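Let me begin by presenting the structure, written as structure tokens, before commenting on it.
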Amino acid sequence: MPVIFNTTNSGHSRGNAMIGRFETPIKAIIMHESDVCSKNDDIVKALFNVSRSNKFGESVVMQNEFDIFAPTAEGAEAPSVTYRETASKFIRHTTFKSQFRITREMMEDSQINQIAAKAENFTRSYYRTRNLFATKLLTGATAGADGTGTTVTFGPAGATQTFDITTADGVPLFSAAHTASPNRFHAVSGAGVTPAMVESVISAAVSKVRNMRDENGYPMGYTADTIVIPCDDPALESAVKKVLGSEFLGGEGGMLSGSINLHYGNWNLIIDPLWQRSVATSHPMIIFSSAARRNLQAAMFFDRTPLDVSDFVDEATLDYMWTGYARMSAGFVTHKWGCLVDILDSGTTALFDGAATGEGGAATAQSAVLTL
């Protein structure tokens, strides 16, 4: 992603040779670090459709699929197809800013390594903000009481804002309260998180995603191809990798019996380093179709203004200041691209968001039992 520089050769224009000595190298460091980080902007691109914007905000409109062709009599007119808006979501851009300071003393003493480290860290923090923002919205939609957790809080301490995590129907992204195709489930494991349990959950989730229905009532038929799990669940990570990475079920015995693994080679696994659980006895997975996310414009991340960098001299301290400015936004239009499944350990009485389940793991308002 390009960096916009609004620097004014502040050192040269003011006859300050000391400032002029550092201006161009700092710009080069920021640009180089941006080139490196933009190649690793993977979390945003893996979780959202990324698009540019040139407006105050973006209104994403969904329209219905055409109904099927109608059989007609010979010579009869073709029936007119009704094409209408089915849902819309307005996503407003938010401004993000940061700043770093190079002291007069650092310049006088030619602390080159420290100055370069600040410029690099400043650039990395911009990309870390993007990735954390994307993660917070998606995984934040997994927490909170179902139907009431409509926002998440994001930002550094003392400078947070709330962001919407509902879809166009006004319901949180992952919810059993969606009137069409609920997509929030839990499954109770009798033996902890095992490959067999994970395989069953993934297979059931694939069916849920495939049978999400359009406005005409037809199954959309999308194939789930992406699994997102938290980074602090080694038991779940191990079980998922065993399921996805083995060509045969049951290891060597499965190979001898010809028990093939239908999930082998069909998945992208994202172990999100910024997603951590709040309840250790639960094991959440987000399972979605990237094709559905793209075709339905279901999860959108908009870049209004990329990193815009300017510099100035603080007249009060004579320090050299660098300021970063960016505008971006993200949100959800529809839930019909994926589902959330929480695997509960045997005897667990709480979902990973802290909500109580019924006796024996019965369904509550929080989620529905996933039929395996």
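What you are looking at is a predicted structure, and each value in this text was computed from that prediction instead of being measured.
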Legend entry - Backbone of T135 reached by a side-chain donor or acceptor of T139 within 3.5 Å: yes

Legend entry - Rounded distance [0.5 Å steps], CG in D233 versus CD1 in I271: 10.5 Å

Legend entry - Presence of salt bridge, D232 and R277, under 4.0 angstrom: yes

Inset, instruction - Flag yes if W322 and I4 sit in one hydrophobic cluster, no otherwise; membership is Ile, Leu, Val, Met, Phe, Trp, Tyr, and two members link when side-chain heavy atoms are under 4.5 Å apart. - result: no

Legend entry - Charged N-O contact under 4.0 Å between D314 and R101: yes

Legend entry - Heavy-atom closest contact (H93 atom, K55 atom, distance): CD2-O, 2.9 Å

Inset, instruction - Go through the side-chain N and O atoms of Y126 and S34 and say whether any donor and acceptor fall under 3.5 Å apart. - result: no

Inset, instruction - Give a yes or no on whether a salt bridge exists between R327 and D308, defined as a side-chain N under 4.0 angstrom from a carboxylate O. - result: no

Legend entry - Side chains of M285 and V201 in contact at under 4.5 Å (non-hydrogen atoms): yes

Inset, instruction - Please check if L318 and M321 belong to a single hydrophobic cluster, counting links between Ile, Leu, Val, Met, Phe, Trp and Tyr side chain heavy atoms closer than 4.5 Å. - result: no

Inset, instruction - Decide side chain to side chain donor-acceptor pair (under 3.5 Å) for R304 and T94; before the verdict, give the C-alpha distance in whole Å, the side-chain angles of both, and the deciding distance to 0.1 Å. - result: CA-CA 9 Å; R304 175 62 180 91; T94 300; over 6 Å; no

Legend entry - Check: L269 and E237 side chains under 4.5 Å, non-hydrogen atoms: no

Inset, instruction - Take the angle between the ring planes of F332 and W337 and call it parallel below 30°, perpendicular above 60°, tilted in between. - result: parallel

Legend entry - Main-chain N/O of R213 paired with K336 side-chain donor or acceptor, under 3.5 Å: yes

Inset, instruction - Establish whether M106 and F122 are linked, either directly or via other cluster members, by ILVMFWY side-chain heavy-atom contacts under 4.5 Å. - result: yes

Inset, instruction - Decide if the gap between the ring center of F133 and the ring center of F154 is smaller than 6.0 angstrom. - result: yes

Legend entry - Flag, side chain of D225 to backbone of S290, donor-acceptor distance under 3.5 Å: yes

Legend entry - Worked verdict on E58 versus S329 for side-chain contact (heavy atoms from CB on, under 4.5 Å): CA-CA 9 Å; E58 291 288 340; S329 62; 5.9 Å; no

Inset, instruction - List the steps and the verdict of side-chain contact (heavy atoms from CB on, under 4.5 Å) for I30 and F5. - result: CA-CA 10 Å; I30 292 174; F5 286 101; 3.9 Å; yes

Inset, instruction - To the nearest 0.5 angstrom, please state how far the CG atom of N49 sits from the CD atom of Q297. - result: 7.5 Å

Inset, instruction - Evaluate whether atom OH of Y264 has more than 12 neighbouring non-hydrogen atoms of other residues, nucleotides or ligands under 6.0 angstrom away. - result: no

Inset, instruction - With the side chain counted from C-beta on, respond yes when L262 and E199 share a heavy-atom pair under 4.5 Å apart, and no when they do not. - result: no

Inset, instruction - Measure the CG-NZ distance between D311 and K27 for me, rounded to the nearest 0.5 Å. - result: 8.0 Å

Legend entry - D319 CG to T103 OG1 distance, which is reported to the nearest 0.5 Å: 5.5 Å

Inset, instruction - May I ask you to check whether over 12 heavy atoms, not counting those of E108, lie within 6.0 Å of atom CD? - result: yes

Inset, instruction - Using a strict 4.0 Å threshold on nitrogen-to-oxygen distance, state whether R52 and D303 make a salt bridge. - result: no

Legend entry - Heavy-atom side-chain contact between D345 and H283 under 4.5 Å: yes

Legend entry - Interatomic distance, M212 atom CE to M220 atom CE [nearest 0.5 angstrom]: 7.0 Å

Inset, instruction - Kindly say whether H178 contributes a backbone atom to a donor-acceptor pair with the side chain of R184 at under 3.5 angstrom? - result: no

Legend entry - Donor-acceptor under 3.5 Å (H186 side chain, S282 main chain): no

Legend entry - pair L307-Y325: side-chain heavy atoms closer than 4.5 Å: no

Inset, instruction - Would you confirm whether S175, through its side chain, and P172, through its main-chain N or O, come within 3.5 Å as a donor-acceptor pair? - result: no

Legend entry - Beyond-backbone contact of L47 with D272, side-chain heavy atoms, under 4.5 angstrom: yes

Inset, instruction - For side-chain contact (heavy atoms from CB on, under 4.5 Å), just list the numbers for M328 and F302, CA-CA rounded to whole Å, side-chain angles, deciding distance to a tenth of an Å, and then say yes or no. - result: CA-CA 5 Å; M328 66 188 86; F302 292 106; over 6 Å; no

Inset, instruction - Would you indicate whether D109, at its atom CG, is surrounded by more than 12 heavy atoms from other residues, nucleotides or ligands within a distance under 6.0 Å? - result: yes

Legend entry - Verdict with reasoning, I19 to V313, per side-chain contact (heavy atoms from CB on, under 4.5 Å): CA-CA 8 Å; I19 296 295; V313 176; 4.0 Å; yes

Inset, instruction - Check whether any side-chain heavy atom of C339 sits under 4.5 Å from a side-chain heavy atom of V209, and report yes or no. - result: yes

Inset, instruction - Give a yes or no answer on whether the side chain of S207 reaches the backbone of S203 with a donor-acceptor pair at less than 3.5 Å. - result: no

Inset, instruction - State, to 0.1 Å, how close P219 and R210 come at their nearest heavy-atom pair, and which atoms those are. - result: CB-O, 4.1 Å

Inset, instruction - Nearest 0.5 Å please: distance from the CE atom of M31 over to the CD1 atom of I26. - result: 14.0 Å

Legend entry - Least distance between heavy atoms, S88 atom then A168 atom: O-CB, 3.5 Å

Inset, instruction - Spell out, as yes or no, whether a donor-acceptor pair under 3.5 Å connects the side chain of D164 to the backbone of T151. - result: no

Inset, instruction - Please confirm whether F288 and Y222 have ring centers closer than 6.0 angstrom. - result: no

Legend entry - Within one Ile-Leu-Val-Met-Phe-Trp-Tyr cluster: I112 and I102, side-chain cutoff 4.5 Å: yes

Legend entry - Min side-chain heavy-atom separation Q114-K118 under 4.5 Å: no

Inset, instruction - For residues K89 and T167, report the shortest heavy-atom separation together with the two atoms involved. - result: NZ-O, 3.9 Å

Legend entry - Taking every non-hydrogen atom, the tightest pair across I91 and M300: CD1-CB, 4.2 Å

Legend entry - Minimum heavy-atom distance between D342 and P284, given as atom pair plus value: OD1-N, 3.7 Å

Inset, instruction - Using distance alone, with no hydrogens and no angle criterion, decide if R294 and S289 have a side-chain donor and acceptor under 3.5 Å apart. - result: no

Legend entry - Heavy atoms of other groups near R124 CZ, more than 12 under 6.0 Å: yes

Inset, instruction - Return the orientation label for the F96 and F163 ring planes: parallel under 30°, perpendicular over 60°, tilted otherwise. - result: parallel

Legend entry - ILVMFWY cluster, M107 and F100 together (side-chain gap under 4.5 Å): yes

